[in-house]
Amino acid sequence: MNVSLSVWLLTVAALCVLVAVDFFVGRKPHDVSIKEAGTWTVVWVVLAVLFGVGLWYFGGSGPTGEFFAGYITEKSLSVDNLFVFVLIMGKFAVPTQYQQRVLMIGVLMALVLRAVFIAAGAAIISTFSWVFYLFGAFLIWTAWKLVQDARTQDHEEEYQENKLLKMAEQRFGVADRYHGTKLFITENGKRVMTPMLVVMLAIGSTDVLFALDSIPAIYGLTQDPYIVFTANAFALMGLRQLYFLIGGLLKKLVHLSYGLSIILGFIGVKLVLHALHESGVHVPEIGIPFSLSFIVLVLAVTTFTSLRASRKQAAEEAEATEKAQDADRPAAESS
């Protein structure tokens with residue numbers, strides 16, 4: 001798409017307005033209900049769909065397909081991020097009424113930093129076409145690592161702070177408790193960070209690390225920076241509500257890592273084929289309609305098998321508990 005500067009500015013302004021509305025609605029700390037989270041999740045999805053329809057009206061089916069393929073991919077990768085967000089909230093013992101504020105600011109930080117990543121990626125791709133080989137190889141390696149982690153169940157049970165966050169804590173110091181939504185307070189004449197700011201930095205910096213695979217993944221579906229940015233923006237801005245909506249379902253998505261590994265591996269192969277095609281090698285390229293259908297199918301199958309496996313496991317655990325209770329009952333009666 002040939003997007004003018006005015007369209008870019010209008011898009012960024014519209015997104016800023018949406019963020020401001022979201023911030024205004026959630027400005028008062030409170031426990032987010034399932035109804036509120038569900039309503040706003042639907043609102044963000046509808047806004048993304050309307051944006052896609054607008055792309056179709058002004059740009060045709062090509063950009064629309066690229067946007068939806070990128071949006072669905074980024075959304076599914078974002079769901080995987082929620083596992084880590086749960087660990088972060090638990091490690092820092094964030095009160096439930098403050099969790100939405102933490103996610104709001106953390107996701108906003110991630111959106112700004114991802115915009116920098118996207119701009120850098122666009123500049124590199126326009127200058128060095130061979131970078132597609134690197135992106136493709138990295139995604140295939142990431143897909144393999146996801147499978148290995150899923151097989152060995154090598155998931156971190158406790159969030160580990162990164163070095164940058166530890167340096168900030170050592171430099172400024174951290175208060176021993178939360179002080180509402182304040183980010184800094186003065187203790188013994190020294191200005192220190194509150195745990196609220198620390199957990200926001202943790203959310204934002206962690207999401208940037210996840211961008212290391214999500215940005216190459218979406219560039220495997222489209223090389224248009226405008227579509228890459230808007231797909232990331234819509235996927236991230238609904239993440240806060242999604243956290244509260246499916247927080248209890250995360251543990252049931254036991255096959256999500258396998259599904260994401262298939263998607264990342266598929267996009268990695270697509271990138272390598274594209275790089276070979278750009279180098280003059282006659283190889284088949286994978287089109288957006290097939291990519292979009294493949295991604296949706298993988299996510300649907302992954303969700304179905306995950307929920308089925310979770311129900312089976314829950315039934316087996318309930319049966320084992322019932323047998324244990326039956327075994328204990330005669331001993332209790334005899335005594």
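You'll find the side chain of I218 stays beyond 4.5 Å of the side chain of T73, heavy atoms only. Counting heavy atoms from C-beta outward, V45 and Y71 have side chains that approach closer than 4.5 Å. Here the side chains of R101 and M200 are in contact, with some heavy-atom distance below 4.5 Å. Contact check for Y219 versus V228: side-chain heavy atoms found under the 4.5 Å cut-off. The shortest distance between side-chain heavy atoms of M237 and L47 does not fall below 4.5 Å. When side chains are defined from C-beta on, L276 counts as touching Y133, because their heavy atoms get closer than 4.5 Å. Between S291 and L221 the shortest side-chain heavy-atom distance falls below 4.5 Å.
Checked by atom type and distance alone, the side chain of Q99 pairs as donor or acceptor with a backbone atom of V94 at under 3.5 Å. A donor-acceptor contact shorter than 3.5 Å is absent between the side chain of S261 and the backbone of V147.
L297 belongs to a hydrophobic cluster whose remaining members, ordered by chain and number, are V301; membership requires side-chain heavy atoms of ILVMFWY residues under 4.5 Å apart, directly or through intermediates.
Separating the CE atom in M193 from the CD1 atom in I185 is a distance of 11.5 Å, to the nearest 0.5 Å. Residue M89 holds its CE atom at 10.5 Å from OG1 of T96, rounded to the nearest 0.5 Å. To the nearest 0.5 Å, the span separating NE2 on H179 from CG on L197 amounts to 12.5 Å. The CG atom of N232 sits 12.0 Å away from the CD1 atom of I227 when rounded to the nearest 0.5 Å. K145 contributes atom NZ, which lies 9.5 Å from atom CZ of F138 (distance to the nearest 0.5 angstrom). Atom CG of L111 is separated from atom CG of L239 by 11.0 Å, given to the nearest 0.5 angstrom.
L183 and F92 fall within a single hydrophobic cluster, where Ile, Leu, Val, Met, Phe, Trp and Tyr side chains are chained together by heavy-atom contacts under 4.5 Å. The cluster map of Ile, Leu, Val, Met, Phe, Trp and Tyr, joined by side-chain heavy atoms under 4.5 Å apart, puts F58 and L50 in different clusters.
More than 12 non-hydrogen atoms from other residues, nucleotides or ligands lie less than 6.0 angstrom from CZ of F184.
Residue pairs meeting the side-chain hydrogen bond (donor to acceptor under 3.5 Å, both in side chains) criterion with at least one member in residues 49-67, sequence neighbours excluded: E66-T222.
Between A235 and E74, the closest heavy-atom pair is CB-CB, 3.7 Å. For L299 against S76, the heavy-atom pair with the smallest separation is CD2-CB, 3.6 Å.
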- Message: Could you go through K75 and L242, starting from their C-alpha distance and side-chain angles, then the distance that decides it, and tell me whether this counts as side-chain contact (heavy atoms from CB on, under 4.5 Å)?
- Response: CA-CA 10 Å; K75 201 70 172 179; L242 198 61; 4.2 Å; yes
- side-chain contact (heavy atoms from CB on, under 4.5 Å) between L260 and T302: does it pass, once the steps are laid out? CA-CA 9 Å; L260 293 179; T302 299; over 6 Å; no
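Scored by the ring-ring contact (aromatic ring centres under 6.0 Å, His included) test, H255 finds no partners at all (sequence neighbours excluded). Taking Y98 as the reference, nothing meets the side chain to side chain donor-acceptor pair (under 3.5 Å) condition, with sequence neighbours excluded.
Between F229 and W8, the angle of the ring planes lies from 30° to 60°, which puts this pair in the tilted group. Between F132 and F135, the ring planes lie perpendicular to each other; the angle is over 60°, past the 30° to 60° tilted range.
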Show me the side-chain donor-acceptor pairs of residues 10-21 shorter than 3.5 Å, one per line, residues at least two apart or across chains.
| unit_1 | atom_1 | unit_2 | atom_2 | d |
| --- | --- | --- | --- | --- |
| T11 | OG1 | V7 | O | 2.8 |
| T11 | OG1 | Y226 | OH | 2.7 |

Table please: side-chain donor-acceptor pairs of residues 262-275 below 3.5 Å, with sequence neighbours left out.
| unit_1 | atom_1 | unit_2 | atom_2 | d |
| --- | --- | --- | --- | --- |
| K270 | NZ | G220 | O | 3.0 |
| H274 | ND1 | E285 | OE1 | 2.9 |

